[in-house]
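Comments concern the structure below.
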Amino acid sequence: MLKLIKLEMKKFKMGGYVRSSLITNVIILGVICLISYVENLEGAIVFEDYAVALQLIETIIRATYIIFAAVLISRLVINEYKNKSITVLFMYPINRKSLIIAKLLIVVIFTFVNIVAANIFVGGGFYLVDQFAQIVPDQLTLSGLGKHSASVVMNALSASCMSLIPLYFGMRKFSGSTTIISSIFIVLIVCQNMNGFTLNSIVFVPITLAVIGAIIAYLAIRNIENKDVIH
């Protein structure tokens, strides 16, 4: 399985996606710091404390990589069916289920790792900028950092699973645009912030969506021997 994953990553040149994610992280950090600094100069308090700042950063990153995952699904799976290249792959002496599992694992692992890494990069960068710009009128504590870190890991895990939900919609008509649009709807559900409240804070919501994503992946793998589309 590991060899198959490596082959798929090499085939689709995942290094390009890694570079794109790094650029995305820099942009997120730059936008957040710039807006916060400008607002701070005007006397407005953007973040009351680090809990609020880190929560916003985590929400933006999670939303970004759920959509990023949809792009990967579109490239690794949907386009293969749309262009009929999947038929050629199925002629190789490779188990069909293993092939689909490898593709979906790439999406899940990429999403999870990048959400965690992006939070470290953007959160750490924001903290360094704050030491000079004094954006947040508060100090970051070890207990607060530990609590946030645990939240990041759990949210990254649930997001990496729920990011598989667009697979169902994309496979209906082999549409990459439908895949991406459906991921945007998921982002609107779990990442919309209303006065500090998000549906993601209700534990039942991300868990349910993560389970749905896992079920969709299971159906894709189970049905692959008999038919090439999820119904």
Side-chain angles (χ1 to χ4, degrees), residues 5 8-39 46-47 50 52-79 103-130 133 135-136 145 148-149 151-167 170 176-193 198 200 206 209-210 213:
I5 290 175
E8 284 292 302
M9 291 179 67
K10 184 177 180 180
K11 173 185 175 182
F12 288 98
K13 300 177 180 178
M14 291 300 295
Y17 291 100
V18 173
R19 288 191 293 273
S20 296
S21 66
L22 290 174
I23 294 172
T24 299
N25 294 341
V26 172
I27 292 174
I28 292 174
L29 174 60
V31 170
I32 290 177
C33 289
L34 180 61
I35 293 176
S36 301
Y37 182 68
V38 171
E39 290 292 320
V46 183
F47 304 116
Y50 266 102
V52 175
L54 294 178
Q55 181 186 38
L56 177 61
I57 290 172
E58 190 274 332
T59 300
I60 293 174
I61 289 172
R62 184 158 30 89
T64 300
Y65 282 101
I66 287 176
I67 297 175
F68 213 123
V71 175
L72 279 178
I73 291 174
S74 177
R75 180 81 190 282
L76 272 66
V77 182
I78 305 301
N79 286 351
K103 290 176 177 291
L104 297 182
L105 279 177
I106 290 173
V107 175
V108 170
I109 295 172
F110 182 89
T111 304
F112 176 82
V113 171
N114 274 281
I115 289 177
V116 174
N119 272 279
I120 295 173
F121 176 80
V122 178
F126 180 81
Y127 175 78
L128 291 176
V129 171
D130 182 57
I135 297 171
V136 182
L145 181 60
H148 176 71
S149 299
S151 176
V152 166
V153 172
M154 294 303 297
N155 286 335
L157 183 60
S158 63
S160 61
C161 291
M162 71 175 71
S163 67
L164 296 175
I165 294 177
L167 174 67
S177 58
T178 300
T179 306
I180 296 172
I181 290 172
S182 61
S183 72
I184 294 175
F185 277 107
I186 294 173
V187 166
L188 291 176
I189 292 174
V190 298
C191 297
Q192 188 174 22
N193 193 307
T198 65
N200 193 75
L209 292 175

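Just so you know, these numbers come straight off a predicted model, no measurement behind them.
Open room surrounds OH on Y37; 12 or fewer heavy atoms of other groups in view lie less than 6.0 Å from it.
Atoms OG1 and CG, from T59 and N155 in turn, are 8.0 Å apart once rounded to the nearest 0.5 Å. Here I135 contributes atom CD1 and Y127 contributes atom OH; the two are 13.0 Å apart, rounded to the nearest 0.5 Å. Taken from CE in M14 to OG in S20, the straight-line distance is 10.0 Å, to the nearest 0.5 Å. To the nearest 0.5 Å, atom CD1 of residue I165 and atom OG of residue S182 are 8.5 Å apart. Atom CG of L72 and atom OG1 of T111 lie 6.5 Å apart (nearest 0.5 Å). The CD1 atom of I61 sits 4.0 Å away from the CG atom of N119 when rounded to the nearest 0.5 Å.
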Before giving the answer on side chain to side chain contact (heavy atoms under 4.5 Å, CB included), spell out for S163 and Y65 the whole-Å C-alpha distance, their side-chain angles and the decisive distance to 0.1 Å.
CA-CA 9 Å; S163 67; Y65 282 101; over 6 Å; no
Test side chain to side chain contact (heavy atoms under 4.5 Å, CB included) on V122 and E58 and set out the steps.
CA-CA 9 Å; V122 178; E58 190 274 332; over 6 Å; no
Take C33 and L29, measure what side chain to side chain contact (heavy atoms under 4.5 Å, CB included) needs, and give me the verdict at the end.
CA-CA 6 Å; C33 289; L29 174 60; 3.5 Å; yes
One pair to check against ring-ring contact (aromatic ring centres under 6.0 Å, His included): F121 and F126. What are the steps and the verdict?
CA-CA 8 Å; F121 176 80; F126 180 81; over 10 Å; no
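I73 is not listed as a side-chain neighbour of I180, based on a closest heavy-atom distance of 4.5 Å or more. Residues V26 and L22 are not in side-chain contact: their nearest non-hydrogen atoms beyond the backbone lie 4.5 Å or more apart. V153 places a side-chain heavy atom less than 4.5 Å from the side chain of F112. Inter-residue side-chain proximity for L104 and L167 is flagged as met; some heavy-atom pair is nearer than 4.5 Å.
Defined by atom type and a distance below 3.5 Å, a donor-acceptor pair is missing between the side-chain atoms of N114 and Y17.
Not one N or O on the side chain of S74 forms a donor-acceptor pair closer than 3.5 Å with the backbone of A70. Of the possible donor and acceptor atoms, none in the side chain of K103 sits under 3.5 Å from a partner among the backbone N and O of V77. A donor-acceptor pair under 3.5 Å is formed between the side chain of S160 and the backbone N or O of L157.
Closest of all the heavy-atom pairs between A210 and S158 is CB-O, 3.8 Å. I78 and G170 get closest at one heavy-atom pair: CD1-C, 3.6 Å.
Using cut-offs of 30° and 60° on the angle between ring planes, the pair F68 and F110 is tilted.
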